[in-house]
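These notes concern the structure reproduced below.
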Amino acid sequence: MHLLKVIARAAGTVAVLLSTTALVQAEDVSFLTHWAPETVAKLEAAAATYTASHPDTTITVRAVPFGDLLTTLRTSGGGAGGATIAGIYDAWLPDLAKDALVAPVPEAIAADIKSNWPAGIVGAASIDGTLYGIPNEIDVYALNYNKRLFEEAGIAAPPATWDEFLADAAKLTDASKGQQGFGMINSWAAGVLHPFSSLLVSNGGDLIVDGAPVLDSPAATETFALYEQLIKSGSSNPSMATADANTTGPFLDNFVSGKTGMIIMANWWESALKAGMGDAFADIATAPIPVGPSGDVPRSISYSWMTVVNAQASSEEQAAAWDFLAWLNGPESGPDGASAMADILMSMGILPSRTSDITAFADRLGSDAFLKGYTETLANAKPFPVVLGGQEFSEALQQQLEAIQFGQATAVDAQATAQADAKEILERNAK
Amino acid sequence: MQRSHQLSAAVMLAPATGLLATFIILPMLLTIWLSFHSWSSQTGFETAQFIGLQNFFDLASSSSVGRDFKTALGNTAFYTVLSVAIILPLSVGLGLLVHQTIAPGGVVLRTILFSTYMVPMIAVSLVFSKLYSPTEGPLNQMLGWIGVPPQTWLSAPQTALVSIVLLNVWQQVGYFTVLAVAGLTQIPQSLFDAAKVDGANALQRFTSITLPLLGNTLLFSAVIAVINAVQVFEPVALITQGGPVNATNVLTYHIRRVGIERAQGGLGSAMAVTLMLALIVAITALFALARARSPRSA
């Protein structure tokens, strides 16, 4: 009889414990990003604010180098045990959506996004009309130049056309000082491709139109030739252009140390420049991409980043993740009507994309001379093509541009190979 | 009785063979099977579509897929041959220095040499990326002191892979020196004494006694060095990302790029199978070469 009582009590205790556990079961949400430690700290602080009012959710942040982000997402991030949330580059979305690694945005949040973000940004986060992520940052390219080196070379203003650009690059080059006029980038697909693409669109060209590559256009011919001319004239030194997995390396070091006169880079590297240059950052100015002979106005390519949710995560985990992301990107989470996400992005010099965030940071965006050069470019920016096989397309074109940089291919041969490769890659991936 | 013995042997061997089958043989067979399929590595195996030898034809083609693969295969072969060609003679030379008793300091030298092997490759890679910096790196600064112009190291396709080989040699040579020392200690001193009595000089003693009797050690070292070299990954992933112009794109890194980043699992498996076959051929050739040079086969 006593034994029965003991068993009954134990069973009762277990039942109570189990029911209590079920009631307070926490959702573990993990966030995969490529941000630097100081930015991760800001994200963790925002997450702590959220979890203070949502004690049933725990949020952990995991950071990997940019070069490992897609691989991490592919190997572990997309599985049931992988990260719940990941920050991704829009060019990766078609392939990730095709493999069902990312979950569609819930209807209510999608409606909010469609009414609070510009249509072009929403489009870059959508596949066939289905929205897959909450857009956060937008990046455009501009010409960054060193005012001190310009003064020393007797150049009064940044180049507005390619002719001026070539002339200035030559004036800024001084091999005896290890100084190059224009800095290219290699060993990093986006670092190679985006500056080239920005010059291409500023010359009236495109990479891809209606899913087919147009690298054989006259505008592209001129852009390939521009690269060849910069190399042949010695105005750009490819051995000063290497990038590493963290998107830093000699190309950044050379600009920071005043050995590169001009470079085409995105707004997000403002924080890297400030960290590397200190007071000398005041020497850096921004100008629109020089216009080519076939172009009309200065243009840049643009691309966006978004946060997506793992489609393999449990429905409860997905719900918790979307709720956190809606808060993080909403107007109540940050200062003065801005979102906490925009606050984090602005700390890195990255442009937020939510309309209310741009309004909230209007004064700062207007007064920051470096960022102003980028915001002025936004209106004429062309989105970088988002297609299936985009990464493979980028890497194939990267090889041809690097071959020009190192004199392994002429501009004509590189262009022909790039077009043929792109055609084969896009057709194969579209199947 | 014999049946009972066989059963107990099978039971005792089952855990080990089971683990081998599960973690080595099964994945190998799966990789071979996938190499004949078109398969996204992000989907289940049931989505794999049989395409025969198409993946292998693609690898041999002149498309970007084929060109990149052939470059990666060539880079891996170059890296392996150069690494082994530097590491083995260097390890024997350093082994002789450590093993000799004429001058003191052999143990200290051995400790210093082996310590490089204990440093994780990730740390070695990060340090070397700074040492190799073309404009601000210490190596170019030191070369400048003796009037040598700055070298491009990792920043140019002509020198990038060789620079990665040097990094590998620096990290691995200590381990192979220890192997060489172990081989040297197995050679009886009486042989050297007898040779001395017969009037053999140091070079003759080295070529006629030391090298032949180090044969097995060198064969083992060569096999391990080849396998290690073929598996090079960290310095490429961390420092060069396969660039510039694919100059450091080795097969392990390329397989990761194709099979994981691009999710082309079938194509990545075909590359892995080709790498495995190349490795088998290389190791078999090494053993055949060693057998041909063995005194017993003469």
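First the proteins, then the strands, lettered A, B, ... as listed; each starts at 1. Source: prediction; values computed, not measured.
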**Prompt:** Would you call the rings of B:Phe50 and B:Phe36 parallel, tilted or perpendicular if under 30° counts as parallel and over 60° as perpendicular?
**Reply:** tilted
**Request:** With a 4.5 angstrom heavy-atom cut-off, could you sort out which part of A:Ile425 is near chain B: side chain, backbone, both or neither?
**Result:** side chain
**Asked** Going by the angle between their ring planes, with limits at 30° and 60°, are A:Phe66 and A:Trp92 parallel, tilted or perpendicular?
**Response** parallel
**Request:** Check whether A:Pro250 gets within reach of chain B through its side chain, its backbone, both or neither, counting any heavy atom under 4.5 Å.
**Result:** side chain
**Asked** So what's closer than 4.5 Å to chain B heavy atoms on A:Ser239: side chain, backbone, both or neither?
**Response** both
**Complete:** Honestly, the part of A:Glu392 sitting under 4.5 Å from a heavy atom of chain B is both
**Item:** Structural part of A:Glu424 lying under 4.5 Å from a heavy atom of chain B
**Value:** side chain
**Request:** Examine whether an atom of A:Ala420 lies under 4.5 Å from a heavy atom of chain B, and if so say whether it belongs to the side chain, the backbone or both; otherwise answer neither.
**Result:** neither
**Asked** Is it true that A:Glu427 and A:Lys431 make a salt bridge, defined as a side-chain N closer than 4.0 Å to a carboxylate O?
**Response** no
**Request:** Side chain from CB out, backbone as N, CA, C, O: work out which of these in A:Asp95 comes under 4.5 Å of a heavy atom of chain B, or both, or neither.
**Result:** neither
**Complete:** Honestly, the part of A:Asn429 sitting under 4.5 Å from a heavy atom of chain B is side chain
**Request:** For each of A:Glu395, A:Arg428, A:Gln408, A:Gln400, tally heavy-atom pairs with chain B at distances under 4.5 Å, and name the one with the top tally.
**Result:** A:Glu395
**Message:** Report which part of A:Gln398 has an atom under 4.5 Å of a heavy atom belonging to chain B: side chain, backbone, both, or neither.
**Reply:** neither
**Message:** Given heavy-atom pairs under 4.5 angstrom as the criterion, report whether the side chain, backbone, both or neither of A:Gln405 touches chain B.
**Reply:** neither
**Message:** Using heavy-atom distances under 4.5 Å, tell me whether A:Lys98 contacts chain B through its side chain, its backbone, both, or neither.
**Reply:** neither
